[in-house]
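Notes to accompany the following structure.
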Amino acid sequence: MIPIIYLDTPEGKEKVDKILKRSQLEHGNVQQIVDGILADVKANGDKALFGYTEKIDGLKLSEDTLKVTKEEIKEAYADVDEDLLRVIRRSADRIKVFHEKQKRNSWIEPDYNGETLGQLIRPLERVGVYVPGGKAAYPSSVLMNIVPAKVAGVPEIYMVTPAKADGKIPATTIVAAVEAGADVIYKVGGAQAIAALAFGTESVKKVDKIVGPGNIFVALAKKSVYGHVNIDSVAGPSEILVIADESADPVFVAADLLSQAEHDELASAVLITTSDKLAKEVQKEVEAQTAVLERKDIINRSIENYGAVIVTKTIEEACELSNHIAPEHLEISTSSPFELLNLIKNAGAVFLGHYSPEPLGDYMAGPNHVLPTGQTAKFFSPLNVDDFIKKSSIIHFTKDALMSLSDDIIKFAQAEGLTAHANSVRVRKN
């Protein structure tokens, strides 16, 4: 049963601390195993990549069977229900429309005194997208990671995802990748796939950035290769926080909490409310709805460890606590949700009102569902077009324009002890 606690009690503070300290990156010797895989693939290329794929996934690969073929793509489209294909395409279109609004343009601005300054914006040349495999298929994750890269103008997008021992990848994963604009789909996963993208092998080109979620091995591998390539973030377990008042429907709130608790036992589902009545009703609803859900064992462990109904004295106090937690998903289920928006400082995505549930953002709304977790919403943003571009500064000065700043440059350089810097400007004064 999800506990009801009061913020101004020792139990309340203890629960909040436990939620904030949870992490999926503390798993014994996993980092050591990951580092070994990365080093092996870096040194031995395809041989190591194929070896780990056979050892871990039971799939024997070669350079000829590494990529998804045109025939396999055709088979995947035949296997996907027409109505589901329509939904995938509609979702992709909404994601594209939203992310088109994020595009930036290069600019250049001449000044009257001989200065010309600007900024050159170019897409990354090559991006790798990791898509989890295993028992479930996540075409929504495929769309969310590839479409923004395509909108940004990335010319080469490589997707990696683990295949089953028979070489099969879920049809929906393949179809979503093609619809989103992936150029190549590789049948590899795990830390070895991250290594291949980061360092390159005989069959896999090195990329400039790796995005996409994965298990602990993938998360730690991405963290380790940062610097060799860029990454989006190190994703943690999912989380939802709902701020609600007496106007909220307890059935809705409970359902939304459970939508995230079903992800895994480290997921966090928290309601903050000013209403004792709502708190008790949600507690009952959580128990009743959990009993009939397929993933109830996972939900129960998640709720037991990181679920809570927290009662605060004021809605302002609720918002302050929410900002401290900085949730991945924040639902504001109040009578006037827009009035609270200016109080929200830290959240990955904000869902306003009783009819904006979190799954809307996962699948069809349009904004990206790859969001910062584990308090990183305090300094990270959702995945967006800016993640797939790079910026170069443009500087052009005439001689007169340089001379107007030359003495200041020389003085600054000398103050830092960089006499060659000063000389670079001084020689131009003659």
Side-chain angles (χ1 to χ4, degrees), residues 92 95-130 141 143-160 180-184 194 197-200 205-213 222-235 326 345-349 366-373 376-398 401-402 404-406 408-409 412-413 416 418 421 424-425:
I95 296 166
K96 180 181 179 182
V97 169
F98 179 85
H99 287 82
E100 287 278 2
K101 294 179 172 66
Q102 298 175 340
K103 291 178 69 174
R104 301 185 186 212
N105 295 314
S106 299
W107 59 272
I108 191 163
E109 188 174 277
D111 206 343
Y112 67 92
N113 65 352
E115 299 179 15
T116 300
L117 301 175
Q119 183 170 263
L120 191 64
I121 294 177
R122 292 288 183 264
L124 302 182
E125 185 66 27
R126 193 177 296 123
V127 166
V129 175
Y130 189 93
S141 181
L143 299 180
M144 291 291 181
N145 281 276
I146 295 178
V147 170
K150 201 71 178 177
V151 169
V154 176
E156 296 180 45
I157 302 173
Y158 297 160
M159 191 181 94
V160 295
D183 295 289
V184 181
I194 299 300
L197 292 173
F199 305 123
K205 291 182 181 179
K206 182 184 186 303
V207 302
D208 300 310
K209 185 167 188 172
I210 301 171
V211 301
K222 286 173 64 178
K223 184 178 179 182
S224 293
V225 301
Y226 176 68
H228 296 280
V229 294
N230 198 0
I231 63 171
D232 49 353
S233 63
V234 179
K345 298 177 182 178
N346 307 316
N368 212 287
H369 79 199
V370 181
L371 303 169
T373 59
T376 61
K378 292 179 178 179
F379 47 84
F380 276 146
S381 304
L383 192 71
N384 61 85
V385 168
D386 280 358
D387 285 301
F388 300 101
I389 63 170
K390 55 188 177 182
K391 304 168 188 175
S392 301
S393 299
I394 299 170
I395 302 167
H396 172 267
F397 273 50
T398 64
L402 175 62
S404 70
L405 296 176
S406 60
D408 290 345
I409 297 169
F412 222 142
E416 293 185 345
L418 299 176
H421 279 60
S424 174
V425 174

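With a 6.0 Å radius and a threshold of 12 heavy atoms from other residues, nucleotides or ligands, Lys103 has its NZ atom at or below the threshold.
Residues Lys390 and Pro123 share a closest heavy-atom pair of CE-O, 3.9 Å. Residue Pro148 comes nearest to Val385 through the heavy atom pair O-CG2, 4.0 Å, listed as atom of the first residue, atom of the second, then distance. Summarising the geometry of Val147 relative to Ala180, their closest heavy-atom pair is CG2-CB, 3.9 Å, with the distance given to 0.1 Å. For the pair Leu402 and Phe397, the tightest heavy-atom approach, listed with the atom from each and the gap, is N-CD2, 3.8 Å. Taking all atoms of both residues into account, the shortest heavy-atom contact from Tyr130 to Pro213 is CD2-O, 3.0 Å. Looking at every heavy atom in both residues, Tyr158 comes nearest to Arg126 through CE1-CD, 3.4 Å.
Panel note: side chain Lys222, backbone Asp232; no donor-acceptor pair is recorded below 3.5 Å. Checked by atom type and distance alone, the side chain of Ser404 pairs as donor or acceptor with a backbone atom of Ala401 at under 3.5 Å.
Residues Val211 and Val370 form no side-chain contact, since every pair of their non-hydrogen atoms from C-beta on lies 4.5 Å or further apart. Looking at heavy atoms from C-beta onward, Val234 lies out of side-chain contact with Tyr226 at the 4.5 angstrom threshold. You'll find the side chain of Val207 stays beyond 4.5 Å of the side chain of Val127, heavy atoms only. Phe388 places none of its side-chain heavy atoms less than 4.5 Å from the side chain of Val151. Counting heavy atoms from C-beta outward, Glu416 and Phe412 have side chains that approach closer than 4.5 Å.
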Considering only distance and modelled atom types, tabulate donor-acceptor pairs under 3.5 Å from the side chains of residues 112-122, sequence neighbours left out.
| from | atom 1 | to | atom 2 | distance (Å) |
| --- | --- | --- | --- | --- |
| Asn113 | OD1 | Glu115 | N | 3.3 |
| Asn113 | ND2 | Glu115 | OE2 | 3.1 |

Expected list for residues 376-384: side-chain donor-acceptor pairs under 3.5 angstrom, two or more places apart:
| from | atom 1 | to | atom 2 | distance (Å) |
| --- | --- | --- | --- | --- |
| Thr376 | OG1 | Thr373 | N | 3.1 |
| Thr376 | OG1 | Thr373 | O | 2.5 |
| Lys378 | NZ | His324 | O | 3.2 |
| Lys378 | NZ | Gln375 | OE1 | 3.3 |
| Asn384 | OD1 | Asp386 | N | 2.8 |
| Asn384 | ND2 | Pro382 | O | 2.7 |
| Asn384 | ND2 | Asp387 | OD2 | 3.4 |

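Considering only residues two or more places apart in sequence or on other chains, Phe98 meets the side chain to side chain contact (heavy atoms under 4.5 Å, CB included) condition with Gln102, Pro367.
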Practice task
Applying side chain to side chain contact (heavy atoms under 4.5 Å, CB included), run through Ser106 and Lys391 and close with a yes or a no.
Solution key: CA-CA 9 Å; Ser106 299; Lys391 304 168 188 175; over 6 Å; no

Problem - side chain to side chain contact (heavy atoms under 4.5 Å, CB included) assessment of Val229 paired with Leu197 - result: CA-CA 9 Å; Val229 294; Leu197 292 173; over 6 Å; no

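Going from atom CG of Asp183 over to atom CD1 of Ile157 covers 6.0 Å, rounded to the nearest 0.5 Å. Atom CG of Leu143 is separated from atom NZ of Lys150 by 13.5 Å, given to the nearest 0.5 angstrom. Distance check: His228 NE2 to Ile210 CD1 gives 10.5 Å after rounding to the nearest 0.5 Å. For the atom pair NE2 of His99 and CE of Met144, the computed distance is 7.0 Å after rounding to the nearest 0.5 Å.
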